[in-house]
S.K.: 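My structure is below; once you've seen it, I'll send some questions.
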Amino acid sequence: MGLVVAASVIAFLTTEMDSLAVMVVLFCGSDTHMKKSAVAFGRYIGLALLVACSFFFPEQLTSCHIKEKLALLGIIPIVVGIRTGVAHRKDSNRQRSAFVSLALFFLACLFSVVVTVSNGGDNISVYIPFLKSLNAQEFFLFCIVLFMMQTLWCAASLAIVSVKSIKEYIQKTKYVLIPFLFIVVGLYILLAGGTIIWLFGK
């Protein structure tokens with residue numbers, strides 16, 4: 001069991017090192033506790049989707065350029081970044097109804113899921129061969145370790161954006177910084193996923 005735990009930690013670290021920076025960006029763009037909760041919740045859902053797809057559809061995913069196709073979703077952070085930059089003058093302090101707050105929570109969660117999945121090509125390429133070697137008990141242990149590590153990643157990201165100097169800088173420059181960071185995340189996903197080369201290098 002100890003070997004499975006160690007291998008699970010290594011699998012997480014090798015696939016999620018870049019996601020720490022991505023999560024910091026997502027938390028930077030979340031100006032309320034509700035939105036931060038939605039981002040964290042979305043990360044768990046996205047990770048669960050990647051694990052589930054790797055477990056149930058290994059053959060299909062290894063034969064369809066899945067990494068490049070998932071990275072196409074990197075267009076969404078770019079669009080969100082542009083839209084945020086254009087519409088930044090809205091009053092974020094206005095009182096919101098319960099329905100609007102719930103809708104914003106859902107959208108923030110969905111955005112976090114999309115970013116997680118779009119950056120999950122490496123996860124799938126590592127998870128598929130690793131999961132094939134596990135029995136049911138070891139798979140359950142792998143999931144526990146994975147989500148514990150994700151909790152650690154969320155805590156680390158929140159700690160970074162909660163540093164007083166960083167928090168003040170974000171507050172002062174958020175109308176320019178947040179759209180810029182979202183666009184950078186989208187471009188990074190497209191480039192790291194090899195999508196641009198895949199689309200135009202044929």
Side-chain angles (χ1 to χ4, degrees), residues 1-26 38-81 108-154 156-157 182-202:
M1 287 299 175
L3 185 61
V4 174
V5 171
S8 300
V9 171
I10 293 172
F12 180 89
L13 292 176
T14 55
T15 57
E16 294 291 330
M17 288 303 295
D18 60 339
S19 73
L20 185 62
V22 173
M23 289 176 64
V24 169
V25 172
L26 293 180
V39 168
F41 191 52
R43 291 293 303 184
Y44 287 111
I45 294 175
L47 191 61
L49 286 173
L50 292 172
V51 172
C53 290
S54 301
F55 183 77
F56 291 109
F57 310 108
E59 288 79 14
Q60 294 88 333
L61 294 178
T62 53
S63 60
C64 65
H65 293 282
I66 188 62
K67 182 176 180 179
E68 293 84 355
K69 291 179 179 178
L70 285 179
L72 272 173
L73 293 171
I75 294 172
I76 294 178
I78 296 175
V79 172
V80 171
C109 181
L110 181 61
F111 182 59
S112 180
V113 171
V114 168
V115 172
T116 302
V117 172
S118 67
N119 198 33
D122 289 336
N123 299 62
I124 289 176
S125 64
V126 170
Y127 293 165
I128 288 176
F130 184 56
L131 293 178
K132 285 182 179 179
S133 67
L134 304 180
N135 57 38
Q137 186 178 9
E138 290 169 339
F139 174 74
F140 182 68
L141 182 60
F142 165 75
C143 292
I144 292 176
V145 172
L146 215 62
F147 285 95
M148 287 178 64
M149 291 297 296
Q150 184 60 63
T151 301
L152 178 62
W153 247 226
C154 286
S157 304
F182 281 170
I183 292 170
V184 169
V185 165
L187 291 173
Y188 169 77
I189 290 171
L190 288 171
L191 292 171
T195 301
I196 296 176
I197 296 176
W198 176 63
L199 287 175
F200 302 105
K202 295 181 180 180

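For reference, positions follow the sequence shown, starting with 1.
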S.K.: Quick test of your reading: applying salt bridge (Lys or Arg N to Asp or Glu O under 4.0 Å), list the pairs with at least one residue in residues 187-200, sequence neighbours left out, ordered by first then second residue.
M.R.: none
S.K.: Step through the shown structure and confirm whether more than 12 heavy atoms of other residues, nucleotides or ligands are within 6.0 Å of CD on Q60.
M.R.: yes
S.K.: Would you list the atom pairs, donor with acceptor, under 3.5 Å between side chains in residues 117-125 and any protein atom, with sequence neighbours excluded?
M.R.:
unit_1: S118; atom_1: OG; unit_2: V114; atom_2: O; d: 3.1
unit_1: S118; atom_1: OG; unit_2: V115; atom_2: O; d: 2.9
unit_1: N119; atom_1: ND2; unit_2: D18; atom_2: OD2; d: 3.2
unit_1: D122; atom_1: OD1; unit_2: K67; atom_2: NZ; d: 2.8
unit_1: N123; atom_1: ND2; unit_2: E16; atom_2: OE2; d: 2.5
unit_1: N123; atom_1: ND2; unit_2: Y127; atom_2: OH; d: 3.1
unit_1: S125; atom_1: OG; unit_2: D122; atom_2: O; d: 2.7

S.K.: For the residue pair T116 and R43, confirm or rule out a side-chain donor-acceptor distance under 3.5 Å.
M.R.: yes
S.K.: Looking only at non-hydrogen atoms, find the nearest pair between V126 and A11 and report the distance.
M.R.: CG1-CB, 4.1 Å
S.K.: Take E68 and L72 through the side chain to side chain contact (heavy atoms under 4.5 Å, CB included) test and state the conclusion after the steps.
M.R.: CA-CA 7 Å; E68 293 84 355; L72 272 173; over 6 Å; no
S.K.: Run the side chain to side chain contact (heavy atoms under 4.5 Å, CB included) test against V25 and tell me which residues pass, sequence neighbours left out.
M.R.: L181, F182, V185
S.K.: Is the number of heavy atoms from other residues, nucleotides or ligands under 6.0 Å of F130 CZ greater than 12?
M.R.: yes
S.K.: For S157 versus M23, what's the shortest heavy-atom pair and its separation?
M.R.: OG-CB, 3.4 Å
S.K.: State the CD1-OG1 distance between I128 and T62, to the nearest 0.5 angstrom.
M.R.: 5.5 Å
S.K.: When rounded to the nearest 0.5 angstrom, what is the spacing between CG in L134 and OG in S8?
M.R.: 7.0 Å
S.K.: Kindly compute the distance separating CZ (F55) from NZ (K132), expressed to the nearest 0.5 Å.
M.R.: 12.0 Å
S.K.: Side chain of S112, backbone of A108: donor and acceptor closer than 3.5 Å?
M.R.: no
S.K.: For a quick test of reading the model, state the closest non-hydrogen atom pair linking P77 to G74 and the distance between them.
M.R.: CD-O, 3.0 Å
S.K.: What donor-acceptor contacts under 3.5 angstrom involve side-chain atoms of residues 138-151, with partners at least two apart or in another chain?
M.R.:
unit_1: E138; atom_1: OE1; unit_2: N135; atom_2: N; d: 3.1
unit_1: T151; atom_1: OG1; unit_2: Y44; atom_2: OH; d: 2.5
unit_1: T151; atom_1: OG1; unit_2: F147; atom_2: O; d: 2.9

S.K.: For P129, check side chain to side chain contact (heavy atoms under 4.5 Å, CB included) against everything at least two apart and list the hits.
M.R.: none
S.K.: Roughly how far apart are L191 CG and I196 CD1, rounded to 0.5 Å?
M.R.: 4.5 Å
S.K.: Does anything in residues 58-77 form a ring-ring contact (aromatic ring centres under 6.0 Å, His included)? List the pairs, not counting sequence neighbours.
M.R.: H65-W198
S.K.: Could you measure the distance from the CD1 atom of I189 to the CD1 atom of I78? Nearest 0.5 Å is fine.
M.R.: 8.5 Å
S.K.: Quick one, T15 and L50 - any side-chain contact, counting heavy atoms below 4.5 Å?
M.R.: no
S.K.: Any side-chain heavy-atom pair from I45 and L49 closer than 4.5 angstrom?
M.R.: yes
S.K.: Considering all heavy atoms of both residues, which atom of A71 and which atom of G193 are nearest to each other, and what is their separation?
M.R.: CB-CA, 3.8 Å
S.K.: Which atom names give the shortest non-hydrogen contact between L131 and V51, and what distance separates them?
M.R.: CD1-O, 4.0 Å
